[in-house]
Amino acid sequence: MPYLYIRVAEDENEEPMEIPSEDDGTVLLSSVAAQFPGACGLRYRNPETQCLRGVRLLEGVLYAPENDWGNLVYIVNYPKVSPTSDASEAASIYVSDNKRKMEEIDAASAVKVKRGFQKTSDLIVLGLPWKTTEQDLKDYFSTFGEVIMVQVKRDLKTGNSKGFGFVRFTDYETQIKVIAQRHLIDGRWCDCKLPNSKACPDDRKVFVGRCTEDMTAEELRQYFMQYGEVTDVFIPKPFRAFAFVTFADHQVAQALCGEDLIIKGVSVHISNAEPKHNNSRQMTEGGQSGAGGFSQGYGSNRSGANLAGMGLNPAMVGRCSAEELGGDGHAG
DNA sequence: GTTGAGCGTT
């Protein structure tokens, strides 16, 4: 509270800049980003453990560790770069603006490369006029970018349009653009959305393998915060040696995939969380903000008896891999 | 031949 400014730097060796705090002692991410464009969070070196720690970030507000910013120098976090469109564009954004080191870019890119470019997905087109044909759809959407698929859903017997269809683009940029606006097609306003029927993997969620039992959800949250805002941590119970961590930014999640990270001295492996095999609606964006995200597995009143009885079976741990079982960390 | 929020026969 008594600190009007906190010291923030790009790097532990860089000269810190003073960033203003709010009346309640928090610091707005936007205040940080005003001086460090592209910043997605803060981290700092814990003087006791010498480990890097993330600063709690919820909905754009950074909270002082232990309610006291102290006189530490905080380090800016940036999302790891993904070569979505082209590397030069990413470089121009993240390197020149943020003076990020080229090696970091390369490392992050290398991680991302195997996943390739950002995948596009089918988009549902709602509100089509009855008369609209697939050719009409193709003609219309081709003005935004290369179209690789269009469909108009019809009644099989009558052939009448059901008034909706699907479209898919080559480029993710096109998809973003198309979702962002309404579309006047053959005289009707139509919406393009991500379909909710398809079991699509949540690319903001990562699978954390080789977890040890003493890793609490809160500790995982604290750790992963250094990469970006964490919206959920889920640890299956009983202990299964893995966890799920969900980030606000899918780029952060994807950049981490494939990496081996050291948490509490233990090497954990990050990979994509496989989609859950439920066909219910996906959770609405921005709904519950994961403020209480570490509900399950946190404060754990885990039964030692059960665990002893289980006798941690590595085969079982391996088999479960990234398959998500149980809930999503959100009790109904 | 009608309808107008939604969610995809193969």
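Every chain is numbered from 1, with letters handed out A, B, ... down the list of sequences.
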(request) Could you say whether the aromatic ring of A:F164 and the base of B:dG8 stack, counting only centre distances under 5.5 Å and plane angles under 30°? (result) no
Please tabulate, for side-chain N and O atoms in residues 141-148 of chain A, each donor-acceptor pair with protein atoms closer than 3.5 Å (sequence neighbours left out).
| from | atom 1 | to | atom 2 | distance (Å) |
| --- | --- | --- | --- | --- |
| A:S142 | OG | A:K138 | O | 2.6 |
| A:T143 | OG1 | A:Y140 | O | 2.6 |
| A:E146 | OE1 | A:T170 | OG1 | 3.3 |

(message) Nearest whole Å is fine: how far is B:dG8 P from A:M149 CE?
(response) 14 Å
(request) Identify whether any heavy atom of A:L128 sits under 4.0 Å from a base atom; if not, whether one sits that close to sugar-phosphate; answer base, sugar-phosphate or nothing. (result) base
(message) In this structure, how many angstroms lie between the C1' atom of B:dC7 and the CD1 atom of A:I179, rounded?
(response) 14 Å
(message) One thing to verify: whether A:E218 and A:R56 come together as a salt bridge, which I'm taking to mean a side-chain N less than 4.0 angstrom from a carboxylate O.
(response) yes
(message) On DNA chain B, compare the nucleotides closest to A:G163 and A:I124; which residue's is nearer the 5' end?
(response) A:G163
I'd like a list of close polar pairs between nucleotides 1-3 of chain B and the protein, N/O only, cut-off under 3.5 Å.
none

(message) So A:S31 and A:E22, do their side chains get closer than 4.5 Å, heavy atoms only?
(response) yes
(message) Is A:K153 close enough to B:dC7 that one of its side-chain N or O atoms is under 4.0 Å from OP1 or OP2 there?
(response) no
(request) Specify the separation, in whole Å, of atom CG of A:D155 and atom C1' of B:dG4. (result) 16 Å
(message) Salt bridge or not between A:D249 and A:R204? Use side-chain N to carboxylate O under 4.0 Å.
(response) no
(message) I need the CG-P distance between A:L123 and B:dG6, as an integer number of Å.
(response) 18 Å
(message) Are A:F244 and A:F207, when compared by the centres of their aromatic rings, separated by less than 6.0 Å?
(response) yes
(message) Rounded to whole Å, please give me the gap between NZ in A:K162 and P in B:dA5.
(response) 17 Å
(request) Look at the rings of A:F224 and A:Y227 and say which category their plane angle falls in: under 30° parallel, 30 to 60° tilted, over 60° perpendicular. (result) tilted
(request) Send over the distance from A:W189 CH2 to B:dA5 P, rounded to a whole Å. (result) 17 Å
(message) What I want to find out is whether A:R210 reaches A:D260 closely enough, with some N-O distance under 4.0 Å, to be called a salt bridge.
(response) yes
(request) Mind calculating the distance between CZ (A:R154) and C1' (B:dG4) to the nearest angstrom? (result) 16 Å
(message) Rounding to an integer number of Å, can you tell me how far A:L137 CG sits from B:dG8 P?
(response) 17 Å
